[in-house]
Amino acid sequence: MKVCFTSSSGGHFEQLLMLKSLFAEYDSFIVTEKTKYNQNFSEVPIYFTKQVNRRNVTYFIAFFYNVLFSFYIFGVKRPDIIVSTGVLSTIPLCLIAKLFRKKVIYIESFAKINSPTLTGRVMYKFADIFYVQWPEMLKVYPKAKYIGGIY
């Protein structure tokens with residue numbers, strides 16, 4: 001089984017790394033945003049999207065690049081499952097996976113205790129399995145599964 005682990009940079013990438021024990025159990029690879037902090041990661045193959053900030057003037061250019069890049073990665077790597085900890089840069093890959101009837105697992109941010117993230121609101125509609133890390137978030141996402149913190 002081929003598993004793609006995907007996240008944006010920063011805290012979302014740190015949350016993704018909490019799943020590191022799963023990397024060796026599957027034919028795994030990572031898709032994340034290119035930053036100076038993750039360039040030396042070498043445990044599994046890693047592919048880089050553009051950083052996306054919806055408040056940036058170039059948002060649509062970076063997002064469109066990520067859509068094209070996601071199609072490329074999906075075509076080349078052909079993952080069976082996508083595991084995402086968010087955010088915006090991961091949406092194209094997750095939706096492409098759904099288009100090809102692959103399983104998508106989304107883990108809502110540990111930082112969100114009472115309110116949803118923008119990506120969480122989108123992914124709640126599409127994810128096959130949607131996890132929250134706080135029991136309070138079950139009020140926001142009633143069909144989610146509470147798993148506790150992944151930290």
Assess the residue pair F5 and L22 against the criterion (side-chain contact (heavy atoms from CB on, under 4.5 Å)); give the C-alpha distance rounded to whole Å, side-chain angles, the decisive distance to 0.1 Å, and a yes or no. CA-CA 10 Å; F5 292 89; L22 298 174; 3.9 Å; yes
Is the F110-W134 ring centre distance short of 6.0 angstrom? yes
side-chain contact (heavy atoms from CB on, under 4.5 Å) between Y26 and V83, intermediate numbers included: CA-CA 12 Å; Y26 302 97; V83 177; over 6 Å; no
Between D128 and K98, does at least one N-O distance fall below 4.0 Å, as a salt bridge requires? yes
I'd like to know whether NZ of K145 has more than 12 heavy-atom contacts from other residues, nucleotides or ligands below 6.0 angstrom. no
Supply the atom-to-atom distance C4 SG to R78 CZ, rounded to the nearest 0.5 angstrom. 14.0 Å
Think K77 forms a cation-pi with Y47, using NZ or CZ under 6.0 Å from the six-ring centre and within 45 degrees of its axis? no
Indicate, with yes or no, if V87 and V31 share a hydrophobic cluster defined by side-chain heavy-atom contacts under 4.5 Å among Ile, Leu, Val, Met, Phe, Trp and Tyr. no
Could you give the distance from CD1 (I96) to NZ (K102), rounded to the nearest 0.5 Å? 13.5 Å
Quick check for you: to the nearest 0.5 Å, what is the distance between F48 atom CZ and I30 atom CD1? 8.5 Å
How are the rings of Y141 and F130 set relative to one another: parallel (under 30°), tilted (30 to 60°) or perpendicular (over 60°)? tilted
Would you call E33-K50 a salt bridge at under 4.0 Å N-O? no
Angle between ring planes, Y72 versus F69, binned at 30° and 60°: parallel, tilted or perpendicular? tilted
Residue F64 excluded, over 12 heavy atoms near CZ under 6.0 Å: no
